Amino acid sequence: MTVFSVESLIPDLLAIARKAGDEIMAIYHLEDQGIRTKSDSTPVTKADLAANAVIIKGLESLPVNYPILSEESEHKDWAIRQQWQRYWLVDPLDGTKEFINRNGQFTVNIALIDQRYPILGIVYVPCMDTVYYGGKGLGSWKQEGASAAVAISPRKFEPEIDVVVLGSRSYGSERAQQYIEGLQAMHPNLELKKMGSSLKSCAVAEGSADMYPRLGPTSEWDTGAAQAVVEGAGGIFLDSEGMRFSYNQKESLINSDFLVMGDRQVELADFWPPKV
């Protein structure tokens with residue numbers, strides 16, 4: 001499949017993501033969001049399931065036939081998944097806790113994974129009617145409402161001016177706190193901002209923050225689409241060993257620690273891989 005063919009899927013994928021967002025927003029302000037707890041102790045709502053149904057139907061209607069791995073669908077056994085060369089990786093509602101708390105910081109994530117790496121990602125923010133999309137070699141773009149899409153790119157790392165680091169609104173750990181304290185020791189002017197969902201990675205991609213370190217568990221569907229946007233914009237997405245983040249290499253779908261960095265020219269050895 002050529003790069004042009006991948007790009008040709010973008011209009012349909014944007015429409016699918018927006019339709020899923022409509023389903024989410026129809027439930028967002030309801031008193032009963034249908035909240036329950038899954039076997040992994042994470043929450044799920046009616047909106048997660050409604051958005052998932054829309055996305056699965058939409059992807060299956062495309063003129064390509066790829067397997068789908070979604071957080072809210074049955075997961076194929078590793079014996080099957082390890083044979084996949086290209087597949088869809090979906091989180092129909094990334095940031096379910098943000099959705100439940102009604103702070104607006106949740107997204108719809110759709111990624112196309114090829115040979116272990118994302119080649120295209122769509123991150124839609126229903127509350128803002130804003131979408132980020134792109135992939136390595138394709139560039140990355142931000143579209144707000146009906147406005148024309150604009151190209152995005154990370155900012156230059158200039159610690160003598162300011163350093164903006166992003167952290168999760170809903171998750172934290174002692175290791176993560178120690179890591180941030182280490183960064184603050186190097187950069188006393190560091191500002192830590194808390195955000196939800198894939199918005200953190202997109203903020204790095206568009207140049208409103210320098211980095212997003214994640215020390216703690218996430219799942220592959222949490223990162224695939226955002227990684228594509230970051231890499232398309234010109235940033236980097238590294239695993240706990242400092243290598244380009246990859247997918248579908250093991251039975252578990254739990255991610256390692258990772259770092260999203262906007263400026264590719266920064267010397268990372270002082271702070272990544274993490275030493276805490």
Side-chain angles (χ1 to χ4, degrees), residues 9-76 81 87-113 118 120-133 142-146 168-171 195-202 218-226 228-229 253:
L9 296 172
I10 291 175
D12 285 337
L13 293 173
L14 294 178
I16 292 168
R18 287 191 172 98
K19 188 173 181 180
D22 289 343
E23 291 292 323
I24 290 170
M25 294 308 296
I27 298 169
Y28 184 50
H29 294 292
L30 295 181
E31 182 175 347
D32 179 13
Q33 295 179 337
I35 303 168
R36 62 180 178 83
T37 301
K38 296 189 290 188
S39 59
D40 62 359
S41 300
T42 61
V44 66
T45 70
K46 292 178 182 177
D48 295 77
L49 302 178
N52 189 59
V54 165
I55 294 170
I56 298 301
K57 182 178 180 180
L59 294 179
E60 289 178 342
S61 71
L62 294 175
V64 292
N65 184 26
Y66 302 139
I68 302 171
L69 177 60
S70 170
E71 178 178 12
E72 306 306 343
S73 295
E74 180 181 356
H75 302 156
K76 297 295 186 182
R81 283 194 291 112
Y87 67 99
W88 298 109
L89 181 61
V90 174
D91 191 342
L93 203 174
D94 179 30
T96 300
K97 286 189 176 182
E98 319 306 332
F99 173 85
I100 293 170
N101 292 331
R102 295 186 173 91
N103 64 30
Q105 295 191 348
F106 50 87
T107 60
V108 175
N109 297 347
I110 304 173
L112 181 59
I113 308 296
L120 179 62
I122 310 290
V123 178
Y124 179 57
V125 193
C127 274
M128 300 167 58
D129 190 19
T130 295
V131 64
Y132 299 86
Y133 62 94
K142 177 181 181 180
Q143 184 176 24
E144 299 177 277
S168 174
R169 290 180 62 98
S170 299
Y171 298 90
M195 298 178 69
S197 71
S198 294
L199 283 170
K200 296 182 287 296
S201 296
C202 292
T218 55
S219 297
E220 294 192 359
W221 44 73
D222 294 318
T223 55
V229 172
L253 293 164

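Counting begins at 1 with the first residue of the sequence. For clarity, every value in this text was computed on a predicted model and none was experimentally measured.
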Summary of salt bridge (Lys or Arg N to Asp or Glu O under 4.0 Å) pairs that have at least one residue in residues 43-67, sequence neighbours excluded: Asp32-Lys46
Using a strict threshold of under 4.0 Å (side-chain N to carboxylate O), is an ion pair present between Glu71 and Lys38? yes
Compare every heavy atom of Gly121 with every heavy atom of Ala228, then report the nearest pair and how far apart it is. CB-N, 3.3 Å
Any donor-acceptor pair under 3.5 Å from Asn103 side chain to Gln105 backbone: yes
Please find the pair of heavy atoms, one from Ser70 and one from Ile56, that lie closest to each other, and give the distance. CB-CD1, 4.3 Å
Taking the side chain as every heavy atom from C-beta outward, state whether Tyr87 and Ile68 have any atom pair closer than 4.5 Å. no
For Pro92 and Glu72, work out which heavy atoms get closest and say how close. CG-CG, 3.6 Å
Can you label the angle between the Phe99 ring and the Phe106 ring as parallel, tilted or perpendicular, going by 30° and 60°? perpendicular
Closest heavy-atom pair and its distance - Ala111, Gly224: CB-C, 3.5 Å
Less than 4.5 Å apart, side chain to side chain, heavy atoms only: is that true for Val90 and Leu59? yes
Under a 4.5 Å cut-off applied to non-hydrogen side-chain atoms, are Asp94 and Trp221 in contact? no
dist Leu9:CG -> Leu112:CG (nearest 0.5 Å) comes out at 7.0 Å
How long is the span from the CD atom in Glu220 to the CZ atom in Arg81, to the nearest 0.5 Å? 7.0 Å
Side-chain heavy-atom pair Val108, Pro126 within 4.5 angstrom cut-off: yes
Please report the interatomic distance CD(Glu98) to CG(Leu199), rounded to the nearest 0.5 Å. 9.0 Å
Say you draw a straight line from OG of Ser219 to CG of Asp91; how long is it, rounded to the nearest 0.5 Å? 8.5 Å
Contact summary for Tyr28 and Cys127, nearest pair of heavy atoms: CE2-SG, 3.6 Å
Distance-only polar pair, side chains of Tyr124 and Asn109, donor-acceptor under 3.5 Å: no
With Val44 as partner, the option from Asn52, Ile35, Leu49, Thr96 fulfilling side-chain contact (heavy atoms from CB on, under 4.5 Å) is Leu49
How about Leu69 and Ile113: do any of their side-chain heavy atoms sit closer than 4.5 Å? no
Kindly indicate whether the side chain of Ile110, heavy atoms from C-beta on, has any atom under 4.5 Å from the side chain of Leu120. no
Would one find more than 12 heavy atoms of other residues, nucleotides or ligands at under 6.0 Å from atom CG of Asn65? no
Does Gln143 have any side chain to side chain contact (heavy atoms under 4.5 Å, CB included) partners at least two apart in sequence or in another chain, and if so, which? Leu14, Arg18, Val131, Ala149
So, applying side-chain contact (heavy atoms from CB on, under 4.5 Å) with Leu93, which one of Thr107, Ile27, Ile24 is it? Ile24
At their closest point, which heavy atom of Thr45 faces which heavy atom of Gln33, and how far apart are they? CB-O, 3.4 Å
